[in-house]
2 protein chains.
Amino acid sequence: MAEDRRTRRTRRALREALVALVLERGFGALTVEDIAERADVARATFYSHFQGKDDLFARVTSDLLADLDERMRPAVTESTVGFTGRPLLELLRHARDERDLYRIVLQGEGDGRPLRMFIDSCARVTAMEFRVRAERNGVTPRIDPDLLARVWVGEQVAVLQWWVAHETPPMPAEEVVRMLLDLALRGRYWASGFDVPG
Amino acid sequence: MAEDRRTRRTRRALREALVALVLERGFGALTVEDIAERADVARATFYSHFQGKDDLFARVTSDLLADLDERMRPAVTESTVGFTGRPLLELLRHARDERDLYRIVLQGEGDGRPLRMFIDSCARVTAMEFRVRAERNGVTPRIDPDLLARVWVGEQVAVLQWWVAHETPPMPAEEVVRMLLDLALRGRYWASGFDVPG
DNA sequence: ACAGCTACTGAACAGACTGTCCGAAAACAT
DNA sequence: ATGTTTTCGGACAGTCTGTTCAGTAGCTGT
């Protein structure tokens with residue numbers, strides 16, 4: 001048999017209440033009672049599903065990461081040939097679909113733990129991507145791939161923060177990818193408006 | 001007359017206790033009693049100096065930002081001519097001198113508020129730097145300077161996080177600057193080991 | 001549609017933390 | 001030495017936590 005409809009409803013309501021309240025007041029300012037009340041659920045019921053607000057938040061965010069991981073997998077393996085930007089595009093689409101949650105995570109709610117996990121996950125995948133591509137093309141990186149991956153992910157996070165902060169996307173995902181790819185390949189000198197020297 | 005020696009000692013002890021405890025357990029897990037006990041100060045005394053742990057944390061971090069701002073000012077005005085990396089170098093030195101606090105802030109403790117303030121501050125300065133330089137050299141940016149500044153700061157934050165996470169600096173500040181400058185000017189294509197086309 | 005589970009409710013509980021108050025004691029500046 | 005200022009330690013009500021439990025409502029499978 002599938003999951004009981006009541007538990008589904010309750011868990012869903014609690015998750016949505018958490019997201020809404022974190023956006024309104026910030027995670028640190030919330031109490032379990034706040035969340036339960038917003039979800040229209042008894043406090044005792046909350047504790048029969050989660051150990052506390054940290055637990056609820058951890059589950060919500062780790063589910064998000066798992067979902068992202070699943071969506072990224074095909075894009076990554078397909079992208080080890082060249083700098084296609086496919087993984088980044090998939091990331092942006094995911095962020096568009098789960099905007100509120102991304103806002104929360106990218107803001108560093110929960111003492112930054114979810115954001116660190118997000119960054120670590122992205123950096124791990126990216127570093128692997130770099131290594132595979134370098135090997136395939138027979139080149140040796142001039143900068144440690146792990147560090148380079150963190151820098152690249154740092155850029156992406158910065159753009160994501162800017163992107164999801166707006167109520168309506170300030171530019172389509174495809175354009176963001178093109179821009180970031182231009183920047184990554186041609187460098188900031190070019191982006192600043194200077195002609196690239198020979 | 002200067003500040004009473006007792007208040008100086010007490011405030012200092014409380015600040016140091018906070019930093020140490022946040023590194024050990026994370027901000028969210030701390031109580032006022034924890035901090036007061038570590039500082040060897042009565043709980044009532046804590047409240048005669050700060051409104052609560054959020055207030056203490058806010059003061060510590062905003063003092064850090066003010067200090068950074070002061071140290072950066074000369075480096076920035078001197079750097080609007082070309083991509084010297086002076087501001088970045090100053091930032092790295094500040095991070096070296098205040099490593100523990102930087103760890104805390106860059107980790108996103110306090111629901112990410114201090115980190116957001118840090119990033120906003122850096123991005124504001126950087127965007128201004130970009131604009132001034134573009135005007136001086138008579139070029140028009142190919143990417144919105146505000147967004148470009150956020151990306152550039154995002155890279156710096158990523159590197160800072162990597163840099164301060166180590167117990168002893170994994171490479172000297174000057175080398176980090178050179179690396180990031182190379183990356184920013186020549187692009188990731190070059191950094192990955194490929195020869196730059198054209 | 002009914003029987004038998006299972007989950008939710010609302011209330012109560014001890015324990016921890018908060019924020020404030022106070023008189024007594026200690027440290028300070030002069 | 002004196003008057004001022006800070007710290008101390010204890011006490012206080014109020015909030016939040018995490019758990020328990022009997023009663024009620026809702027669900028699933030047949």
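Proteins come first, then strands; the chains are lettered A, B, ... in the order of their sequence lines, and each starts at number 1. Computed from a prediction, not measured in an experiment: that's the story for all the values here.
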> How close or far is atom C1' of C/dC17 from atom CG of B/L21, stated in whole angstroms?
Replying inline: 16 Å
>> Rounding to an integer number of Å, can you tell me how far A/D54 CG sits from D/dC16 C1'?
In response: 13 Å
>> From CZ of A/R8 over to C1' of D/dG26, roughly how many Å is that when rounded to an integer?
In response: 13 Å
> Between atom CD in B/E33 and atom P in D/dG9, what is the gap in whole Å?
Replying inline: 12 Å
>> List the residues meeting side-chain hydrogen bond (donor to acceptor under 3.5 Å, both in side chains) with A/E37, not counting sequence neighbours, and say none if there are none.
In response: none
> How would nucleotides 19-28 of chain C be written as a contact map, 5' to 3', with B for base contact, S for sugar-phosphate-only contact and - for no contact, using protein heavy atoms under 4.0 Å?
Replying inline: BBB----BBS
> Who pairs with A/W162 by ring pair (Phe, Tyr, Trp, His ring centres under 6.0 Å), at least two apart in sequence or on another chain?
Replying inline: A/H166
>> Taking side-chain contact (heavy atoms from CB on, under 4.5 Å) as the definition, give me every residue that meets it alongside A/T31, ordered by chain and number, with sequence neighbours left out.
In response: A/E33, A/D34
>> Using modelled atom types and a 3.5 Å cut-off, is there a donor and acceptor pairing between side-chain atoms of B/R142 and backbone atoms of A/W190?
In response: yes
> What is the distance from CG of A/D40 to P of D/dG26, rounded to the nearest Å?
Replying inline: 13 Å
> Contact class for A/T45 (heavy atom, under 4.0 Å): base, sugar-phosphate, or nothing?
Replying inline: base
> If only side-chain N and O atoms of B/H49 are considered, is one of them under 4.0 Å from the OP1 or OP2 phosphate oxygen of D/dT6?
Replying inline: no
> Do any side-chain nitrogens or oxygens of A/T10 fall under 4.0 Å of OP1 or OP2 in C/dC8?
Replying inline: yes
> What integer distance in Å separates B/R11:CZ from D/dT6:C1'?
Replying inline: 11 Å
> In terms of ring plane angle, is the pair A/H94 and A/Y102 parallel, tilted or perpendicular, where the classes change at 30° and 60°?
Replying inline: perpendicular
> B/E37 CD to D/dC8 P: how many Å, rounded?
Replying inline: 13 Å
>> Can you pull out every salt bridge (charged side-chain N to carboxylate O under 4.0 Å, His left out) where at least one residue sits in residues 108-121 of chain B? Sequence neighbours excluded, please.
In response: B/D120-B/R150
> Within this structure, what is the CZ-to-C1' distance between A/R12 and C/dC8, rounded to whole angstrom?
Replying inline: 19 Å
> Over its full length, what angle do the end axes of the helix from C/dA1-D/dT30 to C/dT30-D/dA1 make, each axis taken from five pairs and the result rounded to 10 degrees?
Replying inline: 50°
> Who pairs with A/D146 by salt bridge (Lys or Arg N to Asp or Glu O under 4.0 Å), at least two apart in sequence or on another chain?
Replying inline: A/R131
>> Test: salt bridge (charged side-chain N to carboxylate O under 4.0 Å, His left out). Region: residues 15-24 of chain A. Which pairs qualify, not counting sequence neighbours?
In response: A/R12-A/E16, A/R15-A/D63, A/E24-A/R38
>> Filter on salt bridge (charged side-chain N to carboxylate O under 4.0 Å, His left out), then keep only pairs touching residues 157-170 of chain B, sequence neighbours left out; what's left?
In response: B/R99-B/E167, B/R103-B/E167
